[in-house]
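Structure, as structure tokens:
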Amino acid sequence: MKLSREFYLRDGLTVARELIGKKIVTNLPEGVTSGIIVETEAYMGAIDAAAHTYRGKTERTKIFYGAGGFVYVYLIYGMYICTNVVANVENVPEAVLIRALEPVDGIELMKLRRGKNNLRGLCSGPGKLSQALGVTKNLYGADLCGDKIFIEDGEKLPVLTTPRINVDYAGAAADYLWRFIAANSKFLSKHA
DNA sequence: ACCGTGATGTTCT
DNA sequence: GAACATCACGGTG
């Protein structure tokens with residue numbers, strides 16, 4: 001069951017928490033790949049010094065200001081793509097960074113795309129899972145209610161919260177408990 | 001196990 | 001021209 005638009009139109013913290021345990025799928029020409037989401041982070045618009053939207057709208061963050069259920073991708077450190085799910089209604093710039101997956105479908109294709117063989121490390125980080133799923137800037141603004149990339153319902157898992165990773169520059173916002181992880185998962189970007 | 005470092009290019013100041 | 005929501009690798013315990 002593909003998640004409906006309504007799922008994404010809620011506030012970013014709720015969407016980030018509820019995405020834990022759901023399955024994200026890409027269906028690209030090379031094949032289908034997917035994984036269970038085990039780690040997310042919420043980025044909360046104008047009140048969040050860690051968010052790309054903190055200093056207002058730019059060309060890059062345009063889609064961030066749109067309605068929930070679309071994909072925000074960006075290049076980080078010149079080499080890696082990060083995949084985000086836009087949340088909330090139009091003009092409320094909130095989004096959820098997908099930080100780690102437990103690989104499910106298309107594991108061989110994901111290994112090929114990554115050039116790595118280790119299952120544990122296949123999708124254990126935002127750059128890694130984007131590469132494994134074949135997410136590129138071509139998917140900027142893609143509709144999660146479409147067929148190329150979407151999220152399916154899944155099992156409800158116990159969730160823990162922690163501060164977000166690598167946002168030390170954000171002052172007090174660096175301490176907010178806006179990272180959500182599946183308790184006991186072996187597939188996180190860092191060990192809990 | 002942890003720690004330091006280099007790779008790389010877009011975006012924003 | 002600096003900063004950056006990262007990763008892989010090589011070093012040392």
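Since the structure is predicted, the reported quantities are computational estimates derived from the model, not experimental observations.
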Using whole Å, report how far [atom1] of [X] lies from [atom2] of [N].
X	N	atom1	atom2	answer
A:Tyr77	B:dT11	OH	C1'	14 Å
A:Tyr169	B:dT13	OH	P	13 Å
A:Tyr80	B:dG6	OH	P	15 Å
A:Lys62	B:dT11	NZ	C1'	14 Å
A:Ile81	B:dT8	CD1	P	16 Å
A:Tyr74	B:dT8	OH	C1'	16 Å

Going 5' to 3' along DNA chain C, which nucleotides are the first and last within contact of chain A (any atom under 4.0 Å from a heavy atom)? C:dC4 to C:dC9
Any cation-pi pair here, A:Arg10 with A:Phe7, using under 6.0 Å and within 45°?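 Yes.
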Using Watson-Crick and G-U wobble pairs whose two distances are both under 3.5 Å, how do you write the pairing of DNA chain C as dot-bracket, with | for links to another strand? ||||.|||||||.
More than 12 heavy atoms of other residues, nucleotides or ligands under 6.0 Å from NZ of A:Lys111: is that the case? yes
Just do the ring pair (Phe, Tyr, Trp, His ring centres under 6.0 Å) check on A:His52 and A:Tyr74 with the steps written out, would you? CA-CA 10 Å; A:His52 291 163; A:Tyr74 64 90; 4.6 Å; yes
Do [X] and [Y] sit within salt-bridge range, that is, some charged N less than 4.0 Å from a carboxylate O?
X	Y	answer
A:Lys22	A:Glu152	no
A:Lys186	A:Glu102	no
A:Arg164	A:Asp175	no

Applying a 4.0 Å non-hydrogen cut-off, can you work out what [X] is touching in the nucleic acid: base, sugar-phosphate, or nothing?
X	result
A:Tyr140	nothing
A:Leu97	base
A:Arg99	sugar-phosphate

Distance test, side-chain N/O of A:Thr58 to OP1/OP2 of B:dC12, below 4.0 Å: yes
When the nearest nucleotide of DNA chain B is assigned to A:Met79 and to A:Lys137 on a heavy-atom basis, which residue is associated with the more 5' position? A:Met79
Calculate, to the nearest 0.5 Å, the distance between atoms CG and CZ belonging to A:Leu160 and A:Arg179 respectively. 9.5 Å
Consider only side-chain N and O atoms of A:Thr61 and A:Thr53, and report whether a donor and an acceptor are under 3.5 Å apart. no
Might you work through the side chain to side chain donor-acceptor pair (under 3.5 Å) test for A:Ser189 and A:Ser124, ending with a clear yes or no? CA-CA 4 Å; A:Ser189 66; A:Ser124 60; over 6 Å; no
